[in-house]
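To start, the structure under review is shown below, and the notes come after it.
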Amino acid sequence: MKIEVIDLKKRFQEEKRELLYSIKRVISKGNLVLTQEVESFEKKICKYVGSKYCLGLNSGTDALMMSLWASGISKGDEVITTPISFIASASSIIHVGAKPVFVDVKEDLNIDPDKIESAITKKTKAIMPVHWTGRMCEMEKIKKIANKYKLILIEDAAQGMGSYYKKKHAGTFGDISAFSTHPLKNLNALGDGGFIITNNKRYYEKIKLYRNHGLKSRDNVEVVGVNSRLDSLQAEVLSFRLKRLKKIISRRNSNINLYKKLLNLKQIKIIETKKNFTDSHVMFITLCNKRDRLQKFLARKSIQSLVYYKTPLHLHKALKFLKYKKGDFPVAERLTKNVLSFPHHQHLTQKEIIKVAENIKNFYKNENTI
Ligand SMILES: Cc1ncc(COP(=O)(O)O)c(C=O)c1O
């Protein structure tokens, strides 16, 4: 049997009875757009993370774009972010007409706060840190810089559900923050979804209009908006899964602790969780010697592993116009050569983890004797 990085089929088996009941209940009501289910989910998120407002949207990408749009970022502006992320972190900035300005990362794969100030120019309007793999950025330092230069702080918390720094949830440091509920996230829908959180009423009211074609009422278009509504069915699924989130993260953490015990190897670096940080471990990314050979070896043993990602954002063809080149962000470029994510989902058994670890050890043993 193949051991997968994330196993959504097993998840469905575990929750099938109750989940299908909830879905049936919503469908039977016959109204599936912007219903009480969406409002109820938003309220639950506010309570969970500790924010005043939440709005359900149709993806994390839209949540980022809406955050930028609502905070007035547009043509000619610069937004500081990280080269280690999913393309949406940069493309959302480009879609509102602004320019992403990258700042190198630290050894933990997150933006290096000590390098942010030197990237600030007259055009800088915002900082967008990304909590990569569910490990939070050093938000106190970043917030201090944002305050000093009067910059808007937008957290890309797409991977941050269940992550904390000093007991404050991801997304609650920023002026406005974006989350994804893509199927591969800890809190996941049965398809695409996302939301924003904020304490700023003005941002909240703007995005509430933007997400539904700017409609103040059925026949009253106040601004030109888009359709970025979270479906009622997805909202119901997310409310159902939110109740189980703490348990899921705790199971994933136990898995990772077992890996740490078994993989005490000089060829693999497991990034430590620092004091005062709670990592939600959306992905279990390690830094491995001979990464590509290890990945192929594991695949031959029916063990899936994934690379998030081989290419740092500044080296993508689509971003060539930003005029970055190889060598601009040496830490990010070095780390992306070694990143590898192993299976770590909540349905993994101890036996499976031991099998993965044994195979990794065998790989390095053989490599060293060749
Ligand atoms: C860091 C980051 N930002 C933004 C996104 C975009 O979210 P979505 O796929 O829900 O549009 C993702 C999704 O993978 C992500 O990982």
Side-chain angles (χ1 to χ4, degrees), residues 5-6 8 41 45 54-69 73 79-96 98 100 102-103 105 108-111 126-137 139 142 153-163 170-171 173-174 176-197 207 210-211 226-231 234-235 237-238 241 279-285 306-314 316 318-319 332 335-336 339 341 344-345:
V5 170
I6 299 279
L8 293 172
F41 167 67
I45 288 290
C54 167
L55 286 165
L57 302 168
N58 70 14
S59 68
T61 306
D62 269 16
L64 282 172
M65 278 204 287
M66 297 275 184
S67 301
L68 291 153
W69 189 8
I73 290 160
V79 179
I80 291 175
T81 192
T82 164
I84 291 199
S85 188
F86 180 55
I87 186 62
S89 309
S91 60
S92 57
I93 297 169
I94 295 163
H95 282 310
V96 298
F102 299 116
V103 164
V105 296
D108 67 357
L109 301 165
N110 277 338
I111 194 166
I127 308 176
M128 186 203 277
V130 178
H131 307 306
W132 192 237
T133 79
R135 174 178 302 111
M136 281 190 66
C137 298
M139 290 311 295
I142 297 172
L153 185 54
I154 300 171
E155 286 174 71
D156 181 339
Q159 302 188 5
M161 200 57 202
S163 306
F173 291 83
I176 182 161
S177 303
F179 290 78
S180 164
T181 61
H182 179 276
L184 296 182
K185 302 294 186 275
N186 281 347
L187 177 65
N188 51 352
L190 298 177
D192 281 311
F195 57 91
I196 59 96
I197 61 163
I207 295 178
Y210 293 161
R211 77 167 170 185
V226 293
N227 174 2
S228 183
R229 303 176 295 239
L230 178 70
D231 286 338
Q234 299 295 4
V237 170
L238 290 168
R241 289 181 164 176
D279 297 352
S280 62
H281 293 299
V282 175
M283 300 180 275
F284 175 40
I285 295 189
L306 294 171
V307 178
Y308 294 101
Y309 289 100
K310 271 197 171 94
T311 312
L313 295 181
H314 65 289
H316 277 288
L319 302 190
L335 296 176
T336 46
V339 287
S341 191
H344 77 296
H345 58 83

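Remember, it's 1-based here, ligands and their atoms both numbered in the order they're listed.
By the side-chain hydrogen bond (donor to acceptor under 3.5 Å, both in side chains) test, Asp108 pairs with Lys274, sequence neighbours left out. When the side-chain hydrogen bond (donor to acceptor under 3.5 Å, both in side chains) test is applied to Asn58, the partners found at least two apart in sequence or on another chain are Ser228. Every residue was checked against the salt bridge (charged side-chain N to carboxylate O under 4.0 Å, His left out) condition with Arg229, not counting sequence neighbours, and none meets it.
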For ligand 1, what N or O to protein N or O distances fall under 3.5 Å?
| residue | atom | partner | partner atom | Å |
| --- | --- | --- | --- | --- |
| ligand 1 | 3 (N) | Asp156 | OD1 | 3.2 |
| ligand 1 | 3 (N) | Asp156 | OD2 | 2.8 |
| ligand 1 | 10 (O) | Gly60 | N | 2.8 |
| ligand 1 | 10 (O) | Ser180 | OG | 2.7 |
| ligand 1 | 11 (O) | Gly60 | N | 3.3 |
| ligand 1 | 11 (O) | Thr61 | N | 2.8 |
| ligand 1 | 11 (O) | Thr61 | OG1 | 2.5 |
| ligand 1 | 14 (O) | Lys185 | NZ | 2.7 |
| ligand 1 | 16 (O) | Gln159 | NE2 | 2.8 |

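When the options Leu319, Ile111, Ile84 are evaluated for a side chain to side chain contact (heavy atoms under 4.5 Å, CB included) with Phe102, the one that passes is Leu319.
Looking at every heavy atom in both residues, Pro83 comes nearest to Val105 through CD-CG1, 4.2 Å.
No donor-acceptor contact under 3.5 angstrom links the side chains of Arg135 and Asn110, judged on distance only.
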